[in-house]
Amino acid sequence: MMIVDLDYTRHYLSLQINEIVCWWWYYIREMSWQLLIALLAYLCVCIFLYTLLKRVGHAAWQLPGPPSKLLLVTAHPDDEVMFFGPMVYWLTRSKVTEIYLLCLSMGGDRRRIDELWACAKVLGIPESNVTIIMSSELPDNQAVQWPTDEVAESILQYIEIYKINAVVTFDKYGVSRHKNHISLYFAIAALCIEKKVPPYCKLYVLESVNIIRKYIQLLDLPISLLSAPYWYLVTREQRRIIKKAMTAHKSQYVWYRKLYMIFSRYTFINTLQEVSALDLELDLQFDDD
């Protein structure tokens, strides 16, 4: 016959539980301190890089050439400032590059045409360099992917007429996965694969990032600099001009876009990748698989 001392058992279990809780508390506290130190160190790196880049030129990391005539292809009025603001800021202040803007829709409202011209004026793009296409085949609709042939033909005509040296538009994720944005990528991809792009013209796309990187602004700086060969960075003072340009889109400047202009890394830095036929073919094969 075995006699069990329940009081002793309870006391022993209580001691074991307390020991486990204390151990986990110590572990969580140590991990929290290490994480905090790592975050502070990362923040210091971001501030150091930002301060350093403010004082030195970063022309070496901008588009090569630089191109004498650059065509920015967007889907809607306000894309040019919401997503491409830093690049447009530097290009319009360059004495070398002349920037042209091709917007493939009026955004569903005619007043947005005037807003686009007003925004372009603030950014420094001449009104004569802004073209807006109004076509029933190109509706402002997040669920509609525009016909590739029509978009590609519009872009190609612009390249040939103005002898464009570089074209910049969205990548295959369209920053926000908006199908209108993605349509522009497939259009230039088709031109590239079919070898319709003139030899004097290069194609570039704006890098899309995940939702966390998209809204951490300055904290994305080290990752951005390492992830792409070409980038454009603005200071906080220069961002005021980009914000002012966005306010020209009065019909679109609602509360959530105001928050976007505060937190989005696209109002702070643009990272670009060059498009090549070989990369596109490999990418398409990967997608098919």
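Quick caveat, the model's predicted, so the values are computed rather than measured. Worth knowing before you read on, the calculation uses all heavy atoms, side chains too, and leaves out hydrogens, waters and symmetry mates.
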(request) Let me see the working for Trp231 and Met87 under side chain to side chain contact (heavy atoms under 4.5 Å, CB included), right down to the final yes or no. (result) CA-CA 8 Å; Trp231 46 267; Met87 183 193 73; over 6 Å; no

(message) Can you give me the closest heavy-atom contact between Tyr200 and Lys163, atom names plus distance?
(response) OH-CD, 3.6 Å

(message) If you define the side chain from C-beta out and look only at heavy atoms, does anything of Asp79 sit under 4.5 Å from His76?
(response) yes

(request) List the steps and the verdict of side chain to side chain contact (heavy atoms under 4.5 Å, CB included) for Leu72 and Thr169. (result) CA-CA 6 Å; Leu72 174 60; Thr169 191; 5.9 Å; no

(request) Check whether any side-chain heavy atom of Ile241 lies under 4.5 Å from a side-chain heavy atom of Arg93, and answer yes or no. (result) yes

(request) Please report the closest heavy-atom contact between Cys201 and Ala166, naming both atoms and the distance. (result) SG-N, 4.1 Å

(message) Is there a continuous path of hydrophobic side-chain contacts, each under 4.5 Å between heavy atoms, that joins Leu206 to Leu226?
(response) no

(request) Applying side chain to side chain contact (heavy atoms under 4.5 Å, CB included), name anything that partners Ser94, two or more places apart in sequence or on another chain. (result) Val96, Thr97

(request) Answer yes or no: is there a side-chain heavy-atom contact under 4.5 Å between Thr267 and Tyr260? (result) yes

(request) Verify the neighbour count for atom OH of Tyr173: are there more than 12 heavy atoms of other residues, nucleotides or ligands below 6.0 Å? (result) no

(request) List the steps, then state whether side chain to side chain contact (heavy atoms under 4.5 Å, CB included) holds for Trp117 with Glu127. (result) CA-CA 6 Å; Trp117 282 333; Glu127 188 175 312; 3.9 Å; yes

(request) For the residue pair Ser154 and Ile133, establish whether any side-chain heavy-atom pair is separated by less than 4.5 Å. (result) yes

(request) Over all heavy atoms of both residues, which pair between Asn180 and Val144 is shortest? Give the atoms and the distance, please. (result) ND2-O, 2.7 Å

(message) Nearest 0.5 Å, please: how far is CD in Gln238 from OG1 in Thr235?
(response) 3.5 Å

(message) Are Val175 and Lys214 packed together at the side-chain level, in the sense that at least one heavy-atom pair is separated by less than 4.5 angstrom?
(response) yes

(message) Could you measure the distance from the OG atom of Ser208 to the CD atom of Gln273? Nearest 0.5 Å is fine.
(response) 11.0 Å

(request) State whether the number of non-hydrogen atoms from other residues, nucleotides or ligands found under 6.0 Å of Ile37 atom CD1 is greater than 12. (result) yes

(request) Please round to the nearest 0.5 Å and tell me the distance separating atom CG of Leu49 and atom CD1 of Ile47. (result) 10.5 Å

(message) So for atom CZ, which belongs to Arg177, do other residues, nucleotides or ligands contribute more than 12 heavy atoms lying within a distance under 6.0 Å?
(response) no

(request) For residues Lys250 and Arg111, determine if any side-chain heavy atom of one lies less than 4.5 Å from a side-chain heavy atom of the other. (result) no

(message) If you count every heavy atom of other residues, nucleotides or ligands that lies below 6.0 Å from Lys243 atom NZ, does the total exceed 12?
(response) no

(message) Side chains of Asn129 and Glu98: any donor to acceptor distance under 3.5 Å?
(response) yes

(message) Please evaluate residues Lys179 and Gln142 with respect to the criterion side chain to side chain contact (heavy atoms under 4.5 Å, CB included), reporting the C-alpha separation (whole Å), side-chain torsions for both, the decisive distance (0.1 Å), and the verdict.
(response) CA-CA 5 Å; Lys179 287 195 174 182; Gln142 191 165 359; 5.9 Å; no

(message) Show the nearest heavy-atom pair for residues Cys103 and Pro77, with the distance to one decimal.
(response) SG-N, 3.4 Å

(request) Establish, yes or no, whether the cationic atom of Arg213 lies under 6.0 Å from the six-membered ring centre of Tyr215 and within 45° of the ring axis. (result) no

(message) Quick check against the 3.5 Å criterion: does Thr247 have a side-chain atom that pairs as donor or acceptor with the backbone of Lys244?
(response) yes

(message) What's the separation between atom CG in Leu71 and atom CG in Asn165, rounded to the nearest 0.5 Å?
(response) 11.0 Å

(message) For Tyr266 versus Val209, what's the shortest heavy-atom pair and its separation?
(response) OH-N, 3.2 Å

(message) Checking the side chain of Thr92 only, and the main-chain atoms of Ile125 only, is there a donor and an acceptor separated by less than 3.5 Å?
(response) no

(request) Supply the atom-to-atom distance Tyr50 OH to Arg236 CZ, rounded to the nearest 0.5 angstrom. (result) 5.5 Å

(request) Run the numbers on Arg112 and Ser251 for side chain to side chain donor-acceptor pair (under 3.5 Å), then give the verdict. (result) CA-CA 7 Å; Arg112 296 188 68 183; Ser251 65; 4.5 Å; no

(request) Return yes if a side-chain donor-acceptor contact under 3.5 Å exists between Glu150 and Ser135, otherwise no. (result) yes

(message) I want to check something: taking the side chain as every heavy atom from C-beta on, are Ser227 and Glu207 in contact at a cut-off of under 4.5 Å?
(response) yes

(request) Please confirm whether the backbone N or O of Val151 pairs with a side-chain atom of Trp146, one donor and one acceptor, at under 3.5 Å? (result) no

(request) Give me the one residue out of Ile269, Thr271, Ile242, Leu91 that meets side-chain contact (heavy atoms from CB on, under 4.5 Å) with Pro86. (result) Ile242

(request) Identify which one of Trp61, Trp90, Tyr204 satisfies the ring-ring contact (aromatic ring centres under 6.0 Å, His included) criterion when paired with Tyr230. (result) Tyr204

(message) Can you see whether Ser105 engages Asp140 through a side-chain donor-acceptor pair at a distance of less than 3.5 angstrom?
(response) no

(message) Students often mix this up, so state it plainly: with edges at 30° and 60°, are the rings of Phe170 and His181 parallel, tilted or perpendicular?
(response) parallel

(request) For the residue pair Tyr100 and Tyr158, categorise the inter-ring angle as parallel (less than 30°), tilted (30 to 60°) or perpendicular (more than 60°). (result) perpendicular

(request) Flag the pair Leu63 / Leu70 as yes when at least one side-chain heavy-atom distance between them is below 4.5 Å, and no otherwise. (result) yes

(message) Quick check for you: to the nearest 0.5 Å, what is the distance between Tyr185 atom OH and Lys172 atom NZ?
(response) 6.0 Å

(request) For Glu80 and His249, run side chain to side chain donor-acceptor pair (under 3.5 Å): C-alpha distance rounded to whole Å, both residues' side-chain angles, the deciding distance at 0.1 Å, then the answer. (result) CA-CA 11 Å; Glu80 76 289 341; His249 293 282; 2.7 Å; yes

(message) To check you understand the geometry: which heavy-atom pair defines the closest contact between Leu203 and Cys192, and what is its length?
(response) CD1-CB, 3.9 Å

(request) Report yes or no: is the cationic atom of Lys258 (NZ for Lys, CZ for Arg) under 6.0 Å from the centre of the six-membered ring of Tyr253, at an angle within 45° of the ring normal? (result) yes

